[in-house]
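Input: a single structure, listed below in structure tokens.
Along the sequence shown, residues are numbered consecutively beginning with 1.
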Amino acid sequence: QVQLVEFGGGLVQPGGSLLLSCAASGFTLEYDAIGWFRQASGKEREGVSCIRSSDGATYYSDSVKGRFTISRDNVKNTVYLHMISLKPDDTAVYYCAARKGPTYGSTWYRSSIYGYWGQGTQVTVSS
């Protein structure tokens, strides 16, 4: 059974940093992409970042570009999201999701193309 589990959320002050982890298990075939999404209270889920397995290509939303970095450890089957210079607007539940299939710059941010989701981890940026 495919499982994705996120770790690392918490409360951080504005300007601070957090490292989120997404541990994947149960994949019989390697996934093609892992995405990070977030959903703030009362808002729609939005794509934050994505990393493609075939070539390590990475994608970021404009709102986090330059502040968030996505990376992966293939041995540990874990994808990370390193977040710096956090702002109150970054407050949300963060989810990781896995996709089996082609992933492009024009599609990575669409939640509907991901078939597997973690349970989410809360990130709160507040003083």
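Residues in residues 97-127 take part in no disulfide (SG to SG under 2.5 Å) pair, two or more places apart or across chains. Applying the disulfide (SG to SG under 2.5 Å) test to pairs two or more places apart or on separate chains, those with a residue in residues 95-127 are Cys22-Cys96. The salt bridge (Lys or Arg N to Asp or Glu O under 4.0 Å) pairs that include a residue from residues 47-59 are Arg52-Asp55, where partners are two or more places apart or lie in different chains. Within the structure, side chain to side chain donor-acceptor pair (under 3.5 Å) contacts touching residues 117-127 (residues at least two apart or in different chains) are Glu6-Gln119, Gln122-Thr124.
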Next item on the list: Before giving the answer on side-chain contact (heavy atoms from CB on, under 4.5 Å), spell out for Gln39 and Glu46 the whole-Å C-alpha distance, their side-chain angles and the decisive distance to 0.1 Å.
Entry: CA-CA 6 Å; Gln39 188 165 20; Glu46 65 167 328; over 6 Å; no
Next item on the list: Go through the steps to decide whether Val79 and Ile51 satisfy the test side-chain contact (heavy atoms from CB on, under 4.5 Å), and finish with yes or no.
Entry: CA-CA 8 Å; Val79 172; Ile51 187 164; 4.1 Å; yes
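The side-chain heavy atoms of Tyr114 and Trp108, taken from C-beta on, include a pair separated by under 4.5 Å. Phe37 places none of its side-chain heavy atoms less than 4.5 Å from the side chain of Val48. Side chains of Pro14 and Leu86 form no contact here, defined as non-hydrogen atoms less than 4.5 Å apart.
Remark: Lys65 pairs with Asp62 by the salt bridge (Lys or Arg N to Asp or Glu O under 4.0 Å) rule, at least two apart or across chains. Not counting sequence neighbours, the partners of Val123 by the side chain to side chain contact (heavy atoms under 4.5 Å, CB included) test are Leu18, Leu20, Met83, Tyr94, Val125. Looking at residues two or more places apart in sequence or on another chain, you find no disulfide (SG to SG under 2.5 Å) involving Cys50. By the salt bridge (Lys or Arg N to Asp or Glu O under 4.0 Å) test, Arg67 pairs with Asp90, sequence neighbours left out. Under the rule for a salt bridge (Lys or Arg N to Asp or Glu O under 4.0 Å), Arg45 has no partner lying at least two apart in sequence or in another chain. Among residues two or more places apart in sequence or in another chain, the side chain to side chain donor-acceptor pair (under 3.5 Å) test is passed with Ser61 by Ser63. When the side chain to side chain donor-acceptor pair (under 3.5 Å) test is applied to Thr103, the partners found at least two apart in sequence or on another chain are Arg99.
A donor-acceptor distance shorter than 3.5 angstrom exists from the side chain of Thr78 to the backbone of Lys76, with no hydrogens or angles considered.
The hydrophobic cluster around Tyr80 extends to Leu19, counting ILVMFWY residues whose side-chain heavy atoms fall within less than 4.5 Å of a member.
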